[in-house]
Amino acid sequence: MTRLLSKYAPSQDGRIQHITPESAGWKYVGFDVYQLEEGQTLTLPADDKERCLVLVSGKASVVTPTETFAHIGERMSPFERIPAWSVYVPHNIHAEVQAETALELAVCSAPGFGNLPARLIAPKDVGVEQRGKGRNKRLVHNILPDDQPADSLLVVEVYTDEGATSSYPSHKHDTPVEGKETYLEETYYHRFDPPQGFALHRVYTDDRSLDECMAPYDRDVVQVPRGYHPVATIAGYDNYYLNVMAGPERKWQFTWENDHAWVNSDNYPRNKN
C-alpha cells in the first residue's frame, strides 16, 4: 500500500486517524480525527502546536483556560453542506472537548509561535465560494484561510459532486518562489455520500519521481508532501474533503501544471459540435 494513503483505523479512544510530521516524513502538518460518543471528553495538551478543531459533524462544548465555547455545532453530517463550526486554539494552551452528540472531530495542528487568543470560528465567519466550471466545479468553505489570523495553519473544506474533478487543473505548492509559490504540506480527509464510495487521487511531480494514484474510501486520508494532487470523483458518489496545509510561509500560492492550465480558460468546456 502507498505510504501516502492513511486508512481509516478506529481505536479504543475514538481516534480514527493519526498523522504526525514524523509519521508523514515532513515538518509541519499534523492531523487527527476522533469519533466520540455523546458525553465523551477529549483533552488536548498545551504544547508547541496551534490547533484548529473542526466539528465535521455533531455538537460539542470546547473549554480553554480563558474561553468557553458552549453548545457549538449544527450539522449532523458534512453533506448538509453548511459550514462547519470550528475553534482555533493557540500553542501552549490546553483544550477540553466534550461531545454533546455523536461527534466527528478533526484536530488540525502545526507549529505555533505567536500570541493569538483562542477563538470561535462560526459558520458566519467562513468564506463560501464556488470554484470551477463544467465538470470541474466544487463548493469551498474557507475555514482558516491566509487572510485570517493563525501562525501556520490553513484549513478548508471542499465538496465535489459525483463525476467531477477537484484540486484541478493540477497544481503544486512545493517550491518556494517569491510572490509565486509557497511550500505547503497538505492532507486530505475524505468522506463520501453514500459512504461506500471512493475517489481517485493522484500525487505526482513533473519528473515523475513521485507518481502515485490512490483510491481513498470513507474517512481515509491522502498525504501530499509535494507535487500535483488532483481528485476525481466516481459516478454515484459525492465527495467531501477537509484540507489542512502548513509550511514555513503562511500563504497559499501555487503553480498550475502547464499541460492542463487551459481548463481554466474560455476554451473549457470545449464546444464538441
Side-chain angles (χ1 to χ4, degrees), residues 3-4 6 9 11 13-36 40-56 60-69 72 84-99 103-121 125-126 142-157 173-176 182-189 221-226 242-253:
R3 65 178 182 85
L4 301 184
S6 176
S11 60
D13 64 358
R15 189 166 64 188
I16 64 170
Q17 286 287 350
H18 180 50
I19 293 167
T20 67
E22 292 75 22
S23 70
W26 56 34
K27 294 182 179 180
Y28 297 95
V29 172
F31 184 71
D32 294 270
V33 181
Y34 293 84
Q35 286 183 293
L36 303 179
Q40 192 172 354
T41 298
L42 173 67
T43 300
L44 299 167
D47 56 19
D48 61 353
K49 305 294 186 184
E50 68 175 357
R51 293 177 172 86
C52 183
L53 314 181
V54 180
L55 279 64
V56 178
S61 290
V62 178
V63 179
T64 74
T66 58
E67 301 285 351
T68 297
F69 306 109
I72 63 172
W85 288 76
S86 305
V87 175
Y88 173 81
V89 181
H91 76 296
N92 292 335
I93 296 292
H94 71 267
E96 185 175 275
V97 182
Q98 182 167 5
L103 178 67
E104 184 175 2
L105 178 73
V107 180
C108 318
S109 62
F113 45 79
N115 297 298
L116 295 169
R119 73 179 189 274
L120 180 68
I121 305 173
D125 303 318
V126 175
N142 292 299
I143 296 171
L144 195 57
D146 59 12
D147 63 355
Q148 296 299 312
D151 295 332
S152 301
L153 281 170
L154 299 163
V155 181
V156 61
E157 55 183 11
H173 36 73
D174 59 14
T175 305
T182 49
Y183 171 84
L184 294 169
E185 302 157 356
E186 186 168 16
T187 55
Y188 282 68
Y189 175 58
V221 173
V222 171
Q223 301 160 79
V224 182
R226 64 188 187 278
L242 179 67
N243 275 143
V244 182
M245 292 179 280
E249 183 179 6
R250 190 173 175 266
K251 289 183 179 179
W252 185 50
Q253 295 178 329

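- Interatomic distance, R51 CZ to L44 CG, rounded to the nearest 0.5 Å: 5.5 Å.
- With values rounded to the nearest 0.5 angstrom, R3 atom CZ is found 10.5 Å from S23 atom OG.
- A donor atom on one side chain and an acceptor atom on the other are found under 3.5 Å apart for N243 and E186.
- Between D13 and Y34 the shortest heavy-atom distance is O-CD2, 4.2 Å.
- In this structure, the side chains of L105 and V54 stay at 4.5 Å or more apart for every pair of heavy atoms.
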Quiz item: Can you list the steps and then say if V89 with L53 is a side-chain contact (heavy atoms from CB on, under 4.5 Å)?
Solution: CA-CA 8 Å; V89 181; L53 314 181; 4.0 Å; yes

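- The minimum heavy-atom distance between Q35 and Q40, with the atom names listed, is O-OE1, 4.5 Å.
- I72 is listed as a side-chain neighbour of L120, based on a closest heavy-atom distance under 4.5 Å.
- The salt bridge (Lys or Arg N to Asp or Glu O under 4.0 Å) test applied to R15 returns D32, not counting sequence neighbours.
- The main-chain N or O of H173 is never found under 3.5 Å from a side-chain atom of R226 such that the two would form a donor-acceptor pair.
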Practice problem: Begin with the C-alpha distance, continue with both residues' side-chain angles, and end with the deciding distance and a verdict on side-chain contact (heavy atoms from CB on, under 4.5 Å) for T41 and E96. | Solution: CA-CA 7 Å; T41 298; E96 185 175 275; 3.3 Å; yes

Exercise. May I have the step-by-step check of side chain to side chain donor-acceptor pair (under 3.5 Å) for Q17 and S6, ending in yes or no?
Key: CA-CA 7 Å; Q17 286 287 350; S6 176; 2.6 Å; yes

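- E104 and Y189 form a side-chain donor-acceptor contact under 3.5 Å, judged by distance and modelled atom types alone.
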Practice problem: Go through the steps for E50 and S109 under the test side-chain contact (heavy atoms from CB on, under 4.5 Å), then give the verdict. | Solution: CA-CA 6 Å; E50 68 175 357; S109 62; over 6 Å; no

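- Closest non-hydrogen pair, L4 versus P225, comes out as CD2-CD, 3.8 Å.
- Checked against I143 for a side-chain contact (heavy atoms from CB on, under 4.5 Å), the options D125, L242, V244 give a single hit: L242.
- The CG atom of L153 sits 10.0 Å away from the NZ atom of K49 when rounded to the nearest 0.5 Å.
- Residues V224 and T187 fail the side-chain proximity criterion, which asks for heavy atoms closer than 4.5 Å.
- Put simply, the side chain of I121 does not reach to within 4.5 Å of the side chain of V87, judged on heavy atoms.
- Within the 4.5 Å cutoff, side-chain heavy atoms of V221 are placed close to those of F31.
- A pairwise comparison of heavy atoms in P176 and D174 identifies CD-O, 4.0 Å as the closest pair.
- At a threshold of 4.5 Å between non-hydrogen side-chain atoms, the residues D151 and R250 do not count as touching.
- Between T64 atom OG1 and F69 atom CZ the span is 5.5 Å, to the nearest 0.5 Å.
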Quiz item: Can you check side-chain contact (heavy atoms from CB on, under 4.5 Å) on M245 and E185, steps first, answer last?
Solution: CA-CA 5 Å; M245 292 179 280; E185 302 157 356; over 6 Å; no

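- By the 4.5 Å heavy-atom criterion applied to side chains, Q148 and L154 are not counted as neighbours.
- In plain terms, the two heavy atoms of V29 and A246 that are nearest each other are CG2-N, 3.5 Å.
- Counting heavy atoms from C-beta on, the side chains of H94 and P65 come closer than 4.5 Å.
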Exercise. Apply the test side chain to side chain donor-acceptor pair (under 3.5 Å) to residues E249 and Y183: give CA-CA distance (whole Å), side-chain angles for both, the deciding distance (0.1 Å), then the verdict.
Key: CA-CA 7 Å; E249 183 179 6; Y183 171 84; over 6 Å; no

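- Considering all non-hydrogen atoms of both residues, Y28 and P111 come closest at O-CD, 3.4 Å.
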